[in-house]
Chemist: 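This structure is in structure tokens; I'll ask about it shortly.
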Amino acid sequence: MSAPKQLSHKPLADGMMFGEAPRYRDGLLYISDMTGRTIYTIDSLGIKRMLLEVENQPNGMCFAPDGSLIYSSMFDAKLYRRDAAGKNTLYADMSSVMTGYCGDMAIDSTGRVYLDDTGARVLHGEKPRPGRLLIIETDGSVHVADENIIFPNAVFISNDGLTLFCAETFGKGLLKWDIGPEGRLSNRQLMWSPATISPTGEIGDTSHGLVGIDGGCMDAEGGMWLSMLGLEKFVRVDQQGNVTHEIPVKGHATACTLGGDDGKTLFLVTNWFPEDEESIFSAMVAKRTKCSVSYAKVEIPKGTARP
């Protein structure tokens with residue numbers, strides 16, 4: 001296997017505290033500023049506009065089949081729906097089953113939501129512990145899809161709709177499941193481990209030296225763009241586990257998504273925090289983080305993968 005191709009990126013927008021869950025639709029990039037408690041849109045010129053405020057912190061979000069925005073409220077474990085008219089209504093309440101926070105999420109072609117339960121309220125002083133994947137049906141009912149996932153993150157569904165991927169940020173790496181009838185998950189497998197590109201050959205924890213996957217998305221050929229938290233780069237991994245491309249950044253590579261008119265723009269979310277902070281979580285609580293959004297032009301466009 002040849003060395004990964006190196007790609008450059010260009011700045012698009014900044015001025016946020018901690019960006020997550022970028023999503024592209026109809027010429028706009030949508031992004032959650034978690035600790036800033038705001039969801040923004042960013043246009044192709046980099047102009048950032050506030051879409052709405054989320055008192056209990058937004059995180060994952062996706063567009064439902066009808067075009068409405070489904071977004072999370074982390075601290076009270078709820079999902080909300082914003083329709084085309086800008087009206088916000090409660091979509092689902094997971095407070096009776098949530099053990100941590102609402103994390104990343106993806107919506108399938110029927111409107112079924114797959115949502116991370118982080119397993120611990122780390123911004124409220126709890127130590128990280130295994131989390132879960134939840135399924136939220138279109139009627140708002142909730143059930144547990146799988147458990148014992150070490151800080152779940154980066155949820156996306158394959159182009160054919162038959163496989164769900166989820167990363168363990170502080171665990172073994174990128175997991176995958178078969179999606180069966182009624183959206184149930186089975187046949188859990190380890191798809192790829194970031195230990196293969198770690199300088200130490202190990203996956204870190206919540207220290208400054210952590211090595212783990214934060215966000216991710218899939219292109220039309222099944223290549224997976226992954227945000228390598230702690231390694232200061234985004235990487236593309238093919239279905240055989242080969243790293244084909246790298247995009248170096250300054251800061252923690254946090255999340256990414258494909259979009260643009262031709263689907264060949266990869267939007268990159270990078271967050272930074274000071275060296276003297278104990279961890280990324282303490283920096284978020286202290287509001288000492290900064291977020292920037294940039295973009296890179298890639299060869300393979302977005303396909304039908306979700307989000």
Chemist: Looking at Ala255 and Ala21, what are the two nearest heavy atoms and their distance?
Modeler: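 What the structure gives for the nearest pair is CB-N, 4.1 Å.
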Chemist: Atom CG in Asp104, atom OG in Ser72: separation rounded to 0.5 Å?
Modeler: 8.5 Å
Chemist: After noting the C-alpha distance and the side-chain angles of Phe156 and Phe165, does the key distance pass the ring-ring contact (aromatic ring centres under 6.0 Å, His included) rule?
Modeler: CA-CA 5 Å; Phe156 53 95; Phe165 296 83; 5.1 Å; yes
Chemist: Does atom NZ of Lys297 have more than 12 heavy-atom neighbours, drawn from other residues, nucleotides or ligands, at distances under 6.0 Å?
Modeler: yes
Chemist: Can a donor-acceptor pair be found, under 3.5 Å and without considering hydrogens, that links the side chain of Asp238 to the backbone of Gln240?
Modeler: yes
Chemist: Is there a side-chain contact between Asp43 and Arg49 (heavy atoms, below 4.5 Å)?
Modeler: yes
Chemist: Hey, what do you get for CE (Met218) to CZ (Arg306), rounding to the nearest 0.5 Å?
Modeler: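 Going from the CE atom of Met218 to the CZ atom of Arg306 covers 14.0 Å.
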Chemist: Can you find a pair of side-chain heavy atoms, one from Ile157 and one from Thr163, that are under 4.5 Å apart?
Modeler: no
Chemist: With rounding to the nearest 0.5 Å, note down the distance linking CG in Leu123 to CD1 in Ile280.
Modeler: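 Rounded to the nearest 0.5 Å, the CG-CD1 separation comes to 10.0 Å.
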Chemist: Looking at Glu126, I want to see if its CD is surrounded by more than 12 non-hydrogen atoms of other residues, nucleotides or ligands under 6.0 Å.
Modeler: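 Yes, CD of Glu126 has more than 12 neighbouring heavy atoms, counting only those of other groups under 6.0 Å.
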Chemist: Any chance the side chains of Ser186 and Asp178 put a donor and an acceptor closer than 3.5 Å?
Modeler: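 No.
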Chemist: Within a strict 4.5 Å, meaning less than it, do heavy atoms of the Leu134 and Met98 side chains meet?
Modeler: yes
Chemist: Testing His124, Gln57, Arg121 for side-chain hydrogen bond (donor to acceptor under 3.5 Å, both in side chains) with Tyr101, which one passes?
Modeler: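 Output: one option passes, namely His124.
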Chemist: Just wondering, do Tyr295 and His9 contact through their side chains at under 4.5 Å, heavy atoms?
Modeler: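 Heavy-atom side-chain distance check fails, nothing below 4.5 Å.
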Chemist: Identify the two heavy atoms, one from Met94 and one from Cys102, that lie closest to each other, and give their separation to 0.1 Å.
Modeler: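 Where Met94 meets Cys102 most closely, the heavy atoms are CE-SG, 3.6 Å.
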Chemist: Will you find, in the side chains of Thr38 and Glu53, an N or O donor that is under 3.5 Å from an N or O acceptor?
Modeler: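 Judged by distance alone, the side chains do not pair up.
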Chemist: Side-chain contact test, heavy atoms from C-beta onward, threshold under 4.5 Å: evaluate it for Leu133 versus Leu185 and give yes or no.
Modeler: yes
Chemist: Report yes if some heavy atom in the side chain of Ile150 is under 4.5 Å from a heavy atom in the side chain of Pro130; otherwise report no.
Modeler: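 A side-chain contact exists here, since the closest heavy-atom pair is under 4.5 Å.
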Chemist: Scan side-chain atoms only and decide if Trp177 and Asp146 contain a donor-acceptor pair under the 3.5 Å cut-off.
Modeler: yes
Chemist: For the residue pair Asn153 and Asp214, confirm or rule out a side-chain donor-acceptor distance under 3.5 Å.
Modeler: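 Asn153 vs Asp214: donor-acceptor pair found between side chains.
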Chemist: Closest heavy-atom contact between Met17 and Asn271?
Modeler: O-OD1, 4.0 Å
Chemist: Do Thr257 and Arg23 meet the criterion of a side-chain donor-acceptor pair at a distance under 3.5 Å?
Modeler: no
Chemist: For Thr110 and Asp108, test the side chains for any donor-to-acceptor distance below 3.5 angstrom and give the result as yes or no.
Modeler: yes
Chemist: Quiz question: by atom type and distance under 3.5 Å, do the side chains of Thr99 and Asp117 form a donor-acceptor pair?
Modeler: yes
Chemist: Can we say Glu55 and Arg37 salt-bridge, meaning some charged N sits less than 4.0 Å from an Asp/Glu carboxylate O?
Modeler: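 No, Glu55 and Arg37 are not salt-bridged.
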Chemist: Which atom names give the shortest non-hydrogen contact between Ser32 and Met61, and what distance separates them?
Modeler: N-CE, 3.6 Å
Chemist: Relative to each other, are the rings of Phe151 and Phe170 parallel, tilted or perpendicular (30° and 60° limits)?
Modeler: tilted
Chemist: Does a salt bridge link Lys87 with Asp83, judged by any charged N lying under 4.0 Å from a carboxylate O?
Modeler: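 Salt bridge between Lys87 and Asp83, a charged N being under 4.0 Å from a carboxylate O: no.
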Chemist: Side chains of Met224 and Leu174: does their closest heavy-atom pair fall under 4.5 Å?
Modeler: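 The answer is yes, as the side chains (C-beta and beyond) meet within the 4.5 Å cut-off.
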Chemist: For the CD atom on Glu182, are there more than 12 heavy atoms of other groups (residues, nucleotides or ligands in this structure) within a distance under 6.0 Å?
Modeler: no
Chemist: Within 45° of the ring axis of Tyr91 and under 6.0 Å from its six-membered ring centre, is that where the NZ or CZ of Arg81 lies?
Modeler: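 No, Arg81 and Tyr91 do not form such a contact.
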Chemist: Apply salt bridge (charged side-chain N to carboxylate O under 4.0 Å, His left out) to the pair Glu137 and Arg184, showing each step before the final yes or no.
Modeler: CA-CA 11 Å; Glu137 304 291 352; Arg184 298 303 187 262; 3.3 Å; yes
Chemist: Is the closest basic N to carboxylate O distance between Arg236 and Asp219 below 4.0 Å?
Modeler: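 Yes, Arg236 and Asp219 are salt-bridged.
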Chemist: Are more than 12 heavy atoms from other residues, nucleotides or ligands located less than 6.0 Å from atom CG of Asp261?
Modeler: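 No - once you tally the heavy atoms of other residues, nucleotides and ligands closer than 6.0 Å, there are 12 at most.
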Chemist: Any chance you could measure Phe18, atom CZ, to Ile31, atom CD1, to the nearest 0.5 Å?
Modeler: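 If we round to the nearest 0.5 Å, Phe18:CZ and Ile31:CD1 are 10.0 Å apart.
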Chemist: With the threshold set at 4.0 Å, does a side-chain nitrogen-carboxylate oxygen contact exist between Glu275 and Arg288?
Modeler: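 No salt bridge links Glu275 with Arg288.
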Chemist: Return the minimal non-hydrogen interatomic distance between Ile135 and Gly183, and the atom names on each side.
Modeler: CD1-O, 3.5 Å
Chemist: Check Lys264 with Glu299, please: is the shortest side-chain N to carboxylate O separation under 4.0 Å?
Modeler: no
Chemist: Mind checking the CZ-OG spacing from Phe75 to Ser95? Nearest 0.5 Å is all I need.
Modeler: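 It comes to 15.0 Å.
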Chemist: For the residue pair Glu232 and Lys250, what are the closest heavy atoms and their distance?
Modeler: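 Heavy-atom minimum between the residues: OE2-C, 4.2 Å.
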Chemist: Counting N and O atoms only, with roles assigned by atom type, does the side chain of Thr169 sit under 3.5 Å from a partner on the main chain of Ile213, one being a donor and the other an acceptor?
Modeler: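 Between the backbone of Ile213 and the side chain of Thr169 there is a qualifying donor-acceptor contact (under 3.5 Å).
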Chemist: Are the side chains of Ile136 and Tyr114 in touch, meaning some heavy atoms are under 4.5 Å apart?
Modeler: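 In short, these two side chains do not touch, never coming nearer than 4.5 Å.
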Chemist: Quick one: CD1 on Ile70 to CZ on Phe63, what's the gap to the nearest 0.5 Å?
Modeler: 10.0 Å
